[in-house]
A.B. asks: 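There's a structure below that I have some questions on.
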Amino acid sequence: MRQTIVAGNWKLNGTRDSVKNLINGIKNGLDNNDKACVIISPVAIHMGLILKLLSDFSGIKVGSQNACANDSGAYTGELSCAMLQEYNVEYVIVGHSERRSLFKENDDDVANRFKAVKDSGLIPILCVGETLEERESDQTEVIISRQLDAVIDKFGVDSLQNSVIAYEPVWAIGTGKTATGEQAQEVHNFIRQKIAKLNQVISDKIQILYGGSVNGGNAKELFGKNDIDGGLIGGASLKADEFLKIIKAAN
Ligand code: 13P
């Protein structure tokens with residue numbers, strides 16, 4: 001059985017005090033019955049504080065919102081996997097649609113970042129997803145395939161071992177417009193079948209998360225679908241109560 005993952009992507013949010021309250025709120029609301037693997041991806045500058053607050057608590061893992069394909073050198077503004085690893089960060093989101101659209105990371109950049117994360121022993125959360133225009137012109141599977149093939153063609157299907165995929169339809173991110181369970185399941189199943197054609201074992205094991213306006217009210221339905229193994233949560237991960245509802249929906 002694949003363990004459900006509930007990952008919070010805090011994006012560019014939080015102050016010293018607010019992140020402290022938020023992490024403590026989440027930590028205090030968790031209990032031994034919770035089944036999900038909980039991950040928080042804060043802004044880099046808050047990571048040290050969060051890792052310190054979690055030093056005596058193993059129930060929340062820390063992720064980065066991105067990582068550089070290079071280990072060190074003249075790459076202003078980047079964070080390397082070696083640095084993240086030194087600070088006990090375990091997961092790295094790569095290819096988030098905001099990185100792709102606002103910061104012009106193309107499929108090849110994303111694939112190289114993904115590979116660097118893998119090579120360093122961290123776990124990548126590879127984001128894929130179509131825009132509304134692409135969905136309405138029946139391009140969803142073409143786009144998802146292209147985004148996955150950028151990694152598979154360059155580094156092989158084996159690179160997806162011990163990796164996580166997040167399907168985040170761009171039209172559902174931050175819009176309050178969630179994909180229905182059926183819509184999400186259809187794409188998750190497409191992703192899993194695509195991988196199965198290349199490697200059945202990896203396909204059976206890989207966790208595929210859904211992201212896009214997940215909240216305490218819709219998480220249970222989404223997580224109940226066969227190929228949905230949890231969520232990558234934006235806005236709702238910034239409120240402890242709401243995020244906890246999503247975590248509990250995995251029980
Ligand atoms: P929202 O949950 O705010 O729609 O964001 C989803 C997302 O982009 C997570 O990475």
Side-chain angles (χ1 to χ4, degrees), residues 4-14 18-19 22 26 36-44 46-47 50 60-67 79 89-105 110 113-114 117 122-132 134-135 140 143-144 147-148 163-181 183-184 187-188 191 207-223 225 228-250:
T4 303
I5 293 177
V6 176
N9 174 9
W10 286 358
K11 307 190 181 184
L12 186 59
N13 290 294
S18 76
V19 300
L22 185 51
I26 298 167
C37 164
V38 178
I39 305 167
I40 293 295
S41 299
V43 178
H46 293 140
M47 271 182 192
I50 286 169
I60 301 177
K61 298 177 188 306
V62 177
S64 172
Q65 296 178 15
N66 203 355
L79 276 175
V89 171
E90 293 177 68
Y91 290 81
V92 183
I93 299 171
V94 287
H96 191 280
S97 70
E98 287 146 19
R99 298 299 317 172
R100 293 177 189 264
S101 65
L102 302 172
F103 300 96
K104 312 295 172 220
E105 289 180 18
V110 172
R113 288 172 191 268
F114 174 92
V117 175
L122 300 173
I123 302 176
I125 301 177
L126 173 67
C127 299
V128 296
E130 82 289 0
T131 62
L132 185 60
E134 288 160 348
R135 171 163 282 261
T140 301
I143 299 299
I144 306 289
Q147 292 169 337
L148 290 174
S163 302
V164 176
I165 291 174
Y167 167 56
E168 297 206 307
V170 178
W171 49 271
I173 296 178
T175 58
K177 201 175 162 193
T178 324
T180 63
Q183 279 174 322
V187 179
H188 282 233
I191 294 171
Q207 288 144 306
I208 308 176
L209 315 184
Y210 168 78
S213 299
V214 179
N215 58 43
N218 58 30
K220 205 161 187 76
E221 196 218 332
L222 289 159
F223 297 174
K225 300 292 176 198
I228 302 183
D229 306 311
L232 182 54
I233 324 295
S237 70
L238 295 168
K239 296 171 224 136
D241 285 357
E242 194 70 18
F243 192 56
L244 283 162
K245 278 188 207 156
I246 299 171
I247 293 168
K248 309 284 173 189

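Atoms within a ligand are numbered from 1 in the order they appear, just like the ligands themselves. Here the structure is a predicted model, which means the values were calculated and not measured. Note that the numbering runs from 1 along the sequence shown for the chain.
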A.B. asks: Run the numbers for me: atoms of ligand 1, each under 4.0 Å from some heavy atom of Gly174, listed by number.
C.D. replies: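 Ligand 1 atoms under the 4.0 Å threshold to Gly174: 1 (P), 3 (O), 4 (O).
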A.B. asks: Pairs under 3.5 angstrom only: tabulate donor-acceptor contacts from the side chains of residues 230-242 to other protein residues two or more places apart or in another chain.
C.D. replies:
from   : atom 1 : to     : atom 2 : distance (Å)
Ser237 : OG     : Ile233 : O      : 3.1
Ser237 : OG     : Gly234 : O      : 2.7
Glu242 : OE2    : Gly216 : N      : 2.7

A.B. asks: Where the side chain of Glu168 meets the backbone of Tyr210, is there a donor-acceptor pair that is under 3.5 Å apart?
C.D. replies: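 Not at all, since once roles are kept as given, no pair shorter than 3.5 Å links the two residues.
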A.B. asks: Would you kindly specify which portion of Asn9 sits under 4.0 Å from ligand 1, judged on non-hydrogen atoms: side chain, backbone, both or neither?
C.D. replies: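 Only the side chain of Asn9 comes within reach of ligand 1.
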A.B. asks: Check the pair Glu130, Ile144 against side chain to side chain contact (heavy atoms under 4.5 Å, CB included), reporting the backbone distance first and the verdict last.
C.D. replies: CA-CA 7 Å; Glu130 82 289 0; Ile144 306 289; 4.2 Å; yes
A.B. asks: Who are the salt bridge (charged side-chain N to carboxylate O under 4.0 Å, His left out) partners of Lys248, not counting sequence neighbours?
C.D. replies: Asp31, Asp34
A.B. asks: Evaluate Glu98 for polar contact with ligand 1, using N/O atom pairs at a separation under 3.5 Å.
C.D. replies: no
A.B. asks: Any donor-acceptor pair under 3.5 Å linking the side chain of Arg113 with the backbone of Ala67?
C.D. replies: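 Judged by distance alone, yes, a pair lies under 3.5 Å.
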A.B. asks: Can you sort out which atoms of ligand 1 are near Glu168, meaning under 4.0 Å from one of its heavy atoms?
C.D. replies: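 Answer, ordered by atom number: 6 (C), 7 (C), 8 (O), 9 (C), 10 (O).
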A.B. asks: Search all heavy atoms of Asp229 against all heavy atoms of Gln207 and return the closest pair with its distance.
C.D. replies: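 Closest approach of Asp229 to Gln207, heavy atoms only: OD2-CA, 3.3 Å.
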A.B. asks: What's the shortest heavy-atom distance between Phe243 and Ile39, and which atoms?
C.D. replies: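 Between these two residues, the closest heavy atoms are CZ-O, 4.2 Å.
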A.B. asks: May I ask you to identify the nearest protein heavy atom to atom 2 (O) of ligand 1, giving residue, atom name and distance to one decimal place in Å?
C.D. replies: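 It is Gly234 N, 2.9 Å.
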A.B. asks: Show me which atoms of ligand 1 lie under 4.0 Å from any heavy atom of Gly212.
C.D. replies: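 What qualifies from ligand 1 is 4 (O), 6 (C).
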A.B. asks: For ligand 1, is Ala236 a contact, meaning one of its heavy atoms is under 4.0 Å away?
C.D. replies: no
A.B. asks: Among the heavy atoms of Ala172, does any lie under 4.0 Å from an atom of ligand 1?
C.D. replies: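 The answer is yes, since Ala172 has a heavy atom less than 4.0 Å from ligand 1.
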A.B. asks: Output the list of atoms in ligand 1 that are nearer than 4.0 Å to some heavy atom of Gly235, sorted by atom number.
C.D. replies: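 Those of ligand 1 that fall under 4.0 Å from Gly235 are 1 (P), 2 (O), 3 (O).
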